[in-house]
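The structure under discussion appears below in the form of structure tokens.
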Amino acid sequence: MLNKSKIQLISHPDTDVEHMEYKFANIEKRWQDYWEKNKTFRTEDDFSKPKFYVLDMFPYPSGSGLHVGHPEGYTATDIVARYKRMKGFNVLHPMGWDAFGLPAEQYAIETGTQPSITTQKNCDNFRRQIKSLGLGYDWDREVNTTDPGYFKWTQWIFIRLYNTWFDENLQKGRPIDELEIPAEIEAEGSEAANNFIEDKRLAYYDDAQVWWCPNCKIVCANEEVMNDGNHEKCGNTVERKNLKQWMLRIPLYAERLLDGLGNVDWPEGVKDMQRNWIGRSTGAEVDFQVEGSDETLRVFTTRPDTLFGATYMVVSPEHPLLEKLTTEEEKNRVDAYVAQAGLKSELDRSDLSKEKSGVFTGTYALNPVNNKQIPIWVADYVLMGYGTGAIMAVPCHDTRDFEFATAFSLPIPCILDPNTDDKELREQVLKGKACWTGDGSYVNSASKETGLDINGQSKEQGIATTIKWLEENKLGTEAINYKIRDWLFSRQRYWGEPFPVIHWEDGEITLLEDDALPLQLPEMEKYEPGSHGESPLANAEQWLHVTDSKGRKGRRETNTMPQWAGSCWYYLRYIDPRNDQEPFSGEKEKYWMPVDLYIGGAEHAVLHLLYSRFWHKVLFDLGIVSTDEPYTRLFNQGMILAFAYETETGAKVSSDLVEEKEGKYFHTETREPLKQIVAKMSKSLKNVVNPDDVVTGFGADSLRLYEMFLGPLDAVKPWVENGVKGVYNFLNKVYKFFVDPSKYHDGEEDQEVLKSLHATIKKVGFDVEALHFNTAISQMMIFTNLVVKKGKITRESAAAFARVLGPFAPHLAEEVWNFLGNNTSIAKADWPEYDESMLKEDSHEYPVMINGKLRFKIMLPLDMADEEIRKEVLSHETALKWTNGNDPKRFIHVPKKIINIVV
RNA sequence: GCGGAUGUGGCGGAAUUGGUAGACGCGCUAGACUUAGGAUCUAGUUCUUUCGGGAGUGGGGGUUCGAGUCCCUUCAUCCGCACCA
């Protein structure tokens, strides 16, 4: 109620308008039609010009249309694109649709409407909305991930991934036919050789654990499972299920993905999140002999130096050796524990069980550094998915092991004398009553029997010495471990890219030939999933079954690719979007890549950006693209929030039930006083701002300008509804002044106006490069206020200002430009040059401070000698008052800045 | 717990290398025009004051002629990750 009322009133202006009224609706319609008709923003592949590639993260075209968050990033890139074009660059600035996705499929299940029809409708709506904002995209380059002409090449890339292996020595992906099969494997026969090859492919087909919602009969992505283990859509508990899945070996590229982060201009936070996700840690893998067995238990540790402090071992409940390790006597307890751990999902293991739990397996291992017998336990604080799924526990120097050992009264011997000044803490650690993970010098860390002795060494030395000893004695090796895991690359859904894969009745898997692409989706009448966790494609009988020339029968892959697939490479397709011979021309790719500026939401900090970097590196290794990294500069726009209201107890109140009285807020029904808070826009809070409403009420230029004026692009900021009025007033002022013949004169330009104009050209240029749009707009307001006050301007100055305004408020700028007698688009004009000499001053108004406090101001010529300045300032009446005519202690004069007198 | 960021008027936010804190905008106050004003224009607007000043950028301390900015410390909020061995 609060949010809407004003917009609606202003959106129905008096019909009785003067001819000078800023009729934004007419103006914007006129220029949008003009741009469309003249293809103003079409990008030619003119290799003679310097290029600039500015990219938005393309949207998923949802049924609810744009929200105000979309235009934020899009306006920013549009301003940069228009600016760069005016600066003489050949600018690539495309838009498209990431249009595969669940909502269209869900809608299909409910209504039987083909997803392609829903998608088409939504794309049309998005395109209309985006065009209504005056964003200058080259629509001839529009791409859509669901278009067979597009996903043909997504499938083509998948085939490349399948046919690539990673050469760890060269740290480079190579064609699979360059893979040499070792002689001893060759000798075992063709099946072994085949298995060897399959194990090397970047894409492979294998069993994988997935989340399955028995209610929706659908597999869920991890992010669709809530913290309590329920499906976010229906609230039912999801299950673990083993299904054959396509996986991609992204961990092989971990080092390359880490290295590449060093050379890109990205927000530090995003780089850190990616590093964190890859999770590289260095240490050693150590083999422990299991007592009374020829099995060894391998662990990964970052602290091989603490081996002397290892007093027990822990394996995860899913560890493959657990059954063998468990003795008869302990079997019941271990089985019960494993069953119980299985009930807890991986998600709530961390949350619910702050208390450590576990049971003894009944078996012992031998600590390789001193051959001491140590018990092997099973506990769910050790995860199967990380390292080897087993650890050596060093309770005195690892907090988790310390907690566990304390809970189960296991010994906590100290082997590292802490280098801390805290005497009490040090005592505690030495006694095994506290845990120390920092540096220090080793004690009790020598064994005559095995010959290892690190007593007295520091952490760094101890690690090096121990690894060397382990390797010499063949008990372990230096090792690097990564958190990142193989990428589960298939979904049991209809509305995604089909895999170009056939599973034959004899077990062979073949991929389609390039010339058989695209493999299209079959049209279906029903989109319900298959009964056993299969994709709806399992019901497409006609499509599904194939027979080869020899009569062998096969089934097509019924899984489809995840939504990430299309977005992994779309920036490449924009380069050559209608090419039906190859994904893009190499020549064009060399010219346009890399992307110079990529703007989008921080929610894609890890997955999309990591996945697409991975694909890009594979394509680079195969010689398909010319750069190692796809995105040179990345920038995250901050989320736009909205005001919302809550009661004293914190209950949220829908905005249509809120009433304002004298700056306070009340519930319209209960009369409760309410607190104004800032929250994400949501349907339930009824605080969603619809860009269409703003465009209707104030115009697209106002929406663009306001989104940029709101604050720094990367900041999270609330939409303050009244703020739109501020920029609307500004545009109104610009219109009324610059489209009024009576404001123009033919004489010399006023010096002050000229100076401000050049300052504006300079500042706006700098600010656009730095993406500081809010301060650029403020500078344009300052200039406008000045000329309105002066009342007159020359056509030349007005033309320069119009061009500065152009990237921000393109419709109004075109109108002014046209009024000034130009009959080509302002988008094609040159950015005005500023003259540095115009900005020079010959005198400066110095603030004079006495003891650090501003006391008065004085105008002084810049070429005045120091001595004279001193005399002049000290003889000022206010200065005399403070100095009593005495010589000051100090006299500081910073040229062009400030004068400070210390008395 | 770890990692990243942010704290400036009533509000959104400005402030290259330390150099006039609060640009620009909203809101508010007063006035002008007006039948009217949620239109437009003009002036004012950090707080406080005994009208000399005084205080002031989350809190405390430090460096400096001078600190929103640099250093130490502390608090709060937001985001991401979270038993990663």
Side-chain angles (χ1 to χ4, degrees), chain A residues 5-6 9-10 13-14 21 267-273 275-277 279-281 283 299-303 306 314 316 349-351 353-354 356 379-383 385-394 398-401 403-404 481-484 602-603 605-606 636 638-639 641 643 663 676 678 705-706 709-712 714-727 729-730 732-733 736 766 770 772 774-782 784-785 788 845-857 881 888-892 894 896-903:
Chain A
S5 58
K6 285 186 185 171
L9 281 165
I10 297 173
D14 270 347
E21 188 77 13
E268 216 35 63
V270 175
K271 289 204 233 180
D272 272 340
M273 281 163 72
R275 289 193 189 105
N276 213 313
W277 185 266
R280 180 187 203 268
S281 55
V299 303
F300 172 77
T301 176
T302 56
R303 297 292 306 275
T306 59
V314 184
S316 98
R349 267 197 205 177
S350 51
D351 247 20
S353 58
K354 289 265 186 268
K356 292 273 185 294
D380 64 5
Y381 82 96
V382 172
L383 308 171
Y386 184 77
T388 61
I391 60 155
M392 63 177 210
V394 185
D398 180 287
T399 45
R400 296 150 302 178
D401 300 341
E403 283 170 27
F404 189 83
N481 198 39
Y482 302 94
K483 268 199 272 184
I484 190 169
E603 67 273 20
V606 178
N636 296 126
M639 205 190 311
L641 306 176
F643 287 123
Q676 191 181 55
V678 171
L705 222 50
Y706 180 59
F709 189 62
L710 204 52
D714 55 352
V716 173
K717 44 212 175 270
W719 181 274
V720 185
E721 194 256 316
N722 274 337
V724 186
K725 224 181 92 184
V727 293
N729 287 344
F730 163 65
N732 229 316
K733 217 184 272 186
K736 285 192 177 168
F766 274 134
H772 293 167
N774 53 334
T775 49
I777 293 166
S778 139
Q779 180 62 37
M780 290 189 278
M781 287 173 168
I782 292 171
T784 305
N785 289 345
V788 167
E845 190 183 36
Y846 280 94
V848 179
M849 302 175 97
I850 294 166
N851 290 339
K853 288 238 179 280
L854 179 69
R855 295 301 167 185
F856 61 95
K857 290 182 186 175
K881 197 175 116 192
K889 258 196 214 155
R890 285 187 72 171
F891 185 92
I892 294 135
V894 185
K896 257 193 111 175
K897 295 272 187 197
I898 204 165
I899 287 162
N900 196 5
I901 304 168
V902 187
V903 294

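Each chain gets a letter, A, B and so on, in the order the sequences are listed, and its residues count up from 1.
The gap from the P atom of B:rC41 to that of B:rA76 amounts to 47 Å, rounded to the nearest Å. Here, B:rC28 and B:rC75 have their C1' atoms 32 Å apart, quoted to the whole Å. With C1' as the reference atom, B:rG62 and B:rU17 are 22 Å apart, rounded to whole Å. As rounded to the nearest Å, B:rG54 and B:rG1 have P atoms that lie 44 Å from one another. Atom P of B:rU46 sits at a distance of 14 Å from the matching atom of B:rA21, rounded to the whole Å. B:rG38 and B:rC26 are spaced 16 Å apart, taking the P atom of each and rounding to whole Å. Spacing of P atoms, B:rG59 relative to B:rG68, comes out at 11 Å, to the nearest Å. For the C1' atoms, the distance linking B:rG22 with B:rU69 amounts to 15 Å, nearest Å.
Base pairing analysis places B:rA21 opposite nothing; no Watson-Crick or G-U wobble pair with both distances below 3.5 Å involves it. Across all strands shown, the partner of B:rC28 is B:rG44, judged by Watson-Crick or G-U wobble contacts whose two distances both fall under 3.5 Å. Pairing partner, B:rG1: B:rC81, with both Watson-Crick or wobble hydrogen-bond distances short of 3.5 Å. In this structure B:rA15 sits in no base pair that meets the Watson-Crick or G-U test at under 3.5 Å. Nucleotide B:rU6 forms a Watson-Crick or G-U wobble pair with B:rA76, both donor-acceptor distances falling under 3.5 Å. The pairing partner recorded for B:rC70 is B:rG62, the criterion being a Watson-Crick or G-U wobble arrangement whose two distances lie under 3.5 angstrom. Across the strands present, B:rA39 finds no partner; the criterion is a Watson-Crick or G-U wobble pair with both atom distances under 3.5 angstrom. B:rC51: no Watson-Crick or G-U partner with both key distances under 3.5 Å is found in any strand.
Note on A:Asn481: nothing from the nucleic acid sits closer than 4.0 angstrom, heavy atoms only. As judged by a 4.0 angstrom heavy-atom cut-off over every strand, A:Lys857 is placed among the base-contacting residues. At a threshold of 4.0 angstrom between heavy atoms, the contacts of A:Arg855 are confined to the sugar-phosphate backbone, with no base atom among them. Base engagement by A:Val894 is indicated by at least one non-hydrogen atom pair under 4.0 Å involving a base atom. A:Ile892 comes within 4.0 angstrom of a nucleotide base, judged by non-hydrogen atoms across all strands. Within 4.0 Å (heavy atoms only), A:Pro267 reaches no atom of the nucleic acid at all. Using a 4.0 Å heavy-atom distance criterion, A:Thr399 is classed as making no nucleic acid contact. Counting any heavy atom pair closer than 4.0 Å across all strands shown, A:Asp272 reaches sugar-phosphate atoms only and no base atom. Backbone-only engagement by A:Asn785 is indicated by non-hydrogen atom pairs under 4.0 Å involving sugar-phosphate atoms exclusively. A:Asn729 comes within 4.0 angstrom of sugar-phosphate atoms only, judged by non-hydrogen atoms across all strands, and of no base.
Atom CG of A:Asn851 is separated from atom C1' of B:rG53 by 15 Å (rounded to the nearest Å). Remark: P of B:rG18 and CE of A:Met849 are 16 Å apart, rounded to the nearest angstrom. Distance A:Trp719 CH2 to B:rG25 P: 19 Å, rounded to the nearest Å. Distance CG (A:Asn722) to C1' (B:rG38): 10 Å, rounded to an integer number of Å. A:Asn774 places its CG atom 15 Å from the P atom of B:rA23, with the value rounded to the nearest Å. The CD1 atom of A:Ile777 sits 18 Å away from the P atom of B:rA23 (whole-angstrom rounding). Atom NZ of A:Lys271 and atom C1' of B:rA5 are 16 Å apart (whole Å). The CZ atom of A:Phe730 sits 23 Å away from the P atom of B:rG12 (whole-angstrom rounding).
Between A:Phe730 and A:Asn785, the closest side-chain pair of non-hydrogen atoms is not below 4.5 Å. For the pair A:Tyr706/A:Val720, a side-chain contact is recorded, criterion being any heavy-atom separation below 4.5 Å from C-beta on. Within the 4.5 Å cutoff, side-chain heavy atoms of A:Met781 are placed close to those of A:Val727.
Taking both residues in full, the closest heavy atoms of A:Pro888 and A:Ile901 are given as CB-CG2, 3.4 Å, listed atom of the first, atom of the second, then distance. The shortest non-hydrogen separation linking A:Val724 to A:Trp719 is CG2-CZ2, 3.8 Å. Nearest heavy-atom pair across A:Pro847 and A:Lys897 is CD-O, 3.2 Å. Here the closest non-hydrogen pair linking A:Met392 and A:Asp401 is O-OD2, 3.9 Å.
Closest to the side chain of A:Val720, from the set B:rG12, B:rG13, B:rA15, is B:rG12. Closest to the side chain of A:Asn276, from the set B:rC81, B:rA14, B:rU20, is B:rC81. For A:Ile782, taking side-chain heavy atoms from C-beta onward, the closest of the listed nucleotides B:rA14, B:rG13, B:rC24 is B:rC24. Distances were taken from every side-chain heavy atom of A:Thr775 (C-beta onward) to each of B:rG25, B:rA85, B:rA14; the shortest belongs to B:rA14. With B:rG12, B:rC83, B:rA85 as the choices, the nucleotide that has an atom nearest any side-chain atom of A:Pro718 turns out to be B:rG12. The side chain of A:Lys483 sits closest to B:rC81 out of B:rA15, B:rG13, B:rC81. Of the listed nucleotides (B:rC24, B:rA85, B:rG80), B:rC24 has the atom at the smallest distance from the side chain of A:Phe709. Relative to the side chain of A:Lys853, the nucleotides B:rG54, B:rU17, B:rC65 differ in distance, and B:rG54 lies closest. Taking the side chain of A:Ile898 as heavy atoms from C-beta on, and the options B:rG19, B:rC41, B:rC83, the nearest nucleotide is B:rG19.
For B:rG9, the base adopts the syn conformation, since its glycosidic angle falls within 90 degrees of zero. The glycosidic torsion of B:rG44 lies more than 90° away from 0, which places this base in the anti conformation.
By the 30° and 60° cut-offs, the orientation of the rings of A:Phe300 relative to A:Tyr386 is perpendicular.
A residue-by-residue look at A:Lys733 and A:Ile901 shows that A:Lys733 has its nearest nucleotide of RNA chain B further toward the 5' end. For the pair A:Trp277 and A:Gly385, nearest-nucleotide mapping onto RNA chain B gives the more 5' position to A:Trp277.
Scanning atom types as modelled, one donor and one acceptor separated by under 3.5 angstrom connect the side chain of A:Lys356 and the base of B:rC83. No donor-acceptor contact under 3.5 Å links the side chain of A:Lys897 to the base of B:rU20.
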>> Assess the residue pair A:Asn900 and A:Met849 against the criterion (side-chain contact (heavy atoms from CB on, under 4.5 Å)); give the C-alpha distance rounded to whole Å, side-chain angles, the decisive distance to 0.1 Å, and a yes or no.
In response: CA-CA 5 Å; A:Asn900 196 5; A:Met849 302 175 97; 3.5 Å; yes
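At least one cation-pi condition fails for A:Lys356 and A:Phe404: the charged atom is not both under 6.0 angstrom from the six-membered ring centre and inside a 45 degree cone around its axis.
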